[in-house]
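Right, one structure below, let's go through it.
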Protein chains: 2
Amino acid sequence: MKKVATADRVLSILRLFTTERPEWTVDDVGAELRLSASTAYEYVGCLVGAGLLVAGRTGHYTVGPAAIELDRIARRVDPLTRNARAILRKLVEESGAGTIGLLCRLYRLQVMCVDEYSINPPAIQTSYERGRPMPLIRGSASKAILVNLPARTLRRFFDLEREAVAAMGLGRDWEAFKAETRRLRRSAPLISIGELDAGALGVSAPVFGENDLILGSIGLVLAAEAVREDPARVEILKMLVGSAGQAVTCALRSP
Amino acid sequence: MKKVATADRVLSILRLFTTERPEWTVDDVGAELRLSASTAYEYVGCLVGAGLLVAGRTGHYTVGPAAIELDRIARRVDPLTRNARAILRKLVEESGAGTIGLLCRLYRLQVMCVDEYSINPPAIQTSYERGRPMPLIRGSASKAILVNLPARTLRRFFDLEREAVAAMGLGRDWEAFKAETRRLRRSAPLISIGELDAGALGVSAPVFGENDLILGSIGLVLAAEAVREDPARVEILKMLVGSAGQAVTCALRSP
DNA sequence: GCAAAATTCCTAATATCTCGGAATTTTGCT
DNA sequence: AGCAAAATTCCGAGATATTAGGAATTTTGC
């Protein structure tokens, strides 16, 4: 698709702002994007005008309030978030102590957590966090999505991430990978242990949109420790998560 | 400041997306902004490329995941949010049942709630909500900021909102308004009842940045009902909120 | 599988952007 | 308060990218 080159360059500035480097000077932006100082000022000025950036300490720019405002709009309008909110809460309540509920969404061959809920969070490190893009290949919340991708998309992913797929033991060639995803797809909901965070156990089920395309996943994270001696609880959690996934899929079809 | 006209027009599209109207077709965008169809597609394409918009139902665009991602970055980097988080939680815990804690920030003569926290929320309607811009003139969270604006800014606000100021009984001319704000500034923390939501009572204290400029406010909202017969509790809440405000101001200076 | 809607493609006149450097304002510091 | 340094705005002209409109193509809804 044809784009507007100038606007594109201006917007590309936004991508510089990350959690690792959330503050930029105009000079640094200009240096990074090979812009003259005056042009860098014009570009940054546009984003400041839109509220996407704000000047903090003089010369230092950070993400602005428009982001917070847009986030609120996104939260309120996104059908997945809306339909899943109540189900996610109920899932966490029924799952017992020490669990975190996650609602994730597929976006450009990545996974983004769009909602999280917890009553008494476990004392473990969790990578999934609202607004943080995650790889599609590791962790149950991701894999629940990955293995349900349409063949065409799966293939594109495989070609892109061949090494990562092999490293995760999901197959050295396309045929093996296809077989492995088929196997995992059948064993839903998915469980993963320590793939993203040591000591964390994830249980996730896929969520599908109206057209039966995979949309995202819903699931729980808890300390692996907590269920080591308790395989029965894991079975219960799998059941709860599985029906939560179906409930969300169902809710997305009806209203 | 000079801007890039094209990029500015592209970014102006974002402003069309509101909670009232969170979904737009390319045609409607084009009609609203007087753009040809092809140009509208180019513009929208830029924003889609940046992840700020996504196509949902075909032809219908909504706010995209980049907004969620940027929101996370904003939350993690904003010194106000970071320094106030723990204080806000403690404030709510100590304030007893049925309160909502709010952290608000001044932005372009408006007020935006940037964090909220509650243990057992009261069953009242509250307008302040994370990410929602609010007027600077109504509600304790806003007024706590308003009355602490530097004279120059206050004047600008008065000239802009002369009618609203008069309607709120804050003075019919600049001198009266100045006197009234001085009076309110001295009686911090501020209390308001039902200014934004009928039946809601707000208590808020100002928060200042390193340079002693007003940055925002911290406070509580609860059902007016809950303290009607209990003036002593109101006094306690004022004290708690007041010290929370000072604590945040202090925290912002030190680290 | 068809009609309608959505989206992409095309081109050339032209409106706009970009740059360097100078001018000006703001800031940090004593 | 006042000074030097940094940040930001201003400027104009050559170079470049943008735009409209309609046609072509793809996708969607039924």
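Below, each value reflects all heavy atoms present in this structure, side chains not excepted, and no hydrogens, waters or symmetry copies. Throughout, a chain's letter reflects where its sequence line sits, starting with A, and its residues are numbered from 1.
- We find that NZ of A/Lys3 is positioned 12 Å from P of C/dC9, with the value rounded to whole Å.
- Nearer to the 5' terminus of DNA chain D, by closest-nucleotide assignment, is the contact made by A/Gly59 (compared with the other of A/Ala7 and A/Gly59).
- Heavy atoms of other residues, nucleotides or ligands lying less than 6.0 angstrom from CZ of B/Arg172 number 12 at most.
- The minimum heavy-atom distance linking B/Ala74 with A/Val63 is given by the pair CB-CG1, 4.0 Å.
- The two residues B/Ala37 and B/Val26 come nearest to each other via the heavy atoms O-CG1, 4.5 Å.
- A/Asp8 places its CG atom 19 Å from the P atom of D/dT16, with the value rounded to the nearest Å.
- Dashed line: the shortest gap from a side-chain N or O of A/Tyr61 to OP1 or OP2 of D/dT8 is under 4.0 Å.
- Remark: C1' of D/dA20 and CG of B/Leu33 are 16 Å apart, rounded to the nearest angstrom.
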If a pair means Watson-Crick or G-U wobble with both distances below 3.5 Å, what does DNA chain D look like in dot-bracket form, with | marking bases paired to a different strand?
||||||||||||||||||||||||||||||
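- Regarding contacts with the backbone of C/dT8, every side-chain N or O of B/Tyr41 stays at 4.0 angstrom or more from both OP1 and OP2.
- One distance of note links CG of B/Asn83 with CZ of B/Arg253; it measures 12.0 Å at 0.5 Å rounding.
- In this structure, B/His60 places its NE2 atom 13 Å from P of D/dT28, rounding to the nearest Å.
- Distance A/Asp28 CG to D/dA6 P: 14 Å, rounded to the nearest Å.
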Could you pull out every donor-acceptor pair under 3.5 Å between side chains of residues 39-59 of chain B and any protein atom, sequence neighbours left out?
from	atom 1	to	atom 2	distance (Å)
B/Thr39	OG1	B/Ser36	OG	2.9
B/Glu42	OE2	A/Lys2	NZ	3.4
B/Tyr43	OH	B/Arg9	NE	3.1
B/Arg57	NH2	B/Glu23	OE1	2.7

Return a single string for nucleotides 19-30 of chain C, one symbol per nucleotide in 5' to 3' order, where B is base contact, S is sugar-phosphate-only contact and - is none, cutoff 4.0 angstrom on heavy atoms.
BBB-----SS--
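- Below 30°, between 30° and 60°, or above 60°: for A/Phe177 and A/Phe158 the angle between ring planes is below 30°, a parallel geometry.
- Residue-environment remark: CZ (B/Arg162) exceeds the threshold of 12 foreign heavy atoms within 6.0 Å.
- A donor-acceptor pair under 3.5 Å is formed between the side chain of A/Arg185 and the backbone N or O of A/Val147.
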As a quick check of understanding, evaluate salt bridge (charged side-chain N to carboxylate O under 4.0 Å, His left out) for A/Arg72 and A/Glu69, giving each step before the final call.
CA-CA 5 Å; A/Arg72 171 167 170 266; A/Glu69 206 174 334; over 6 Å; no
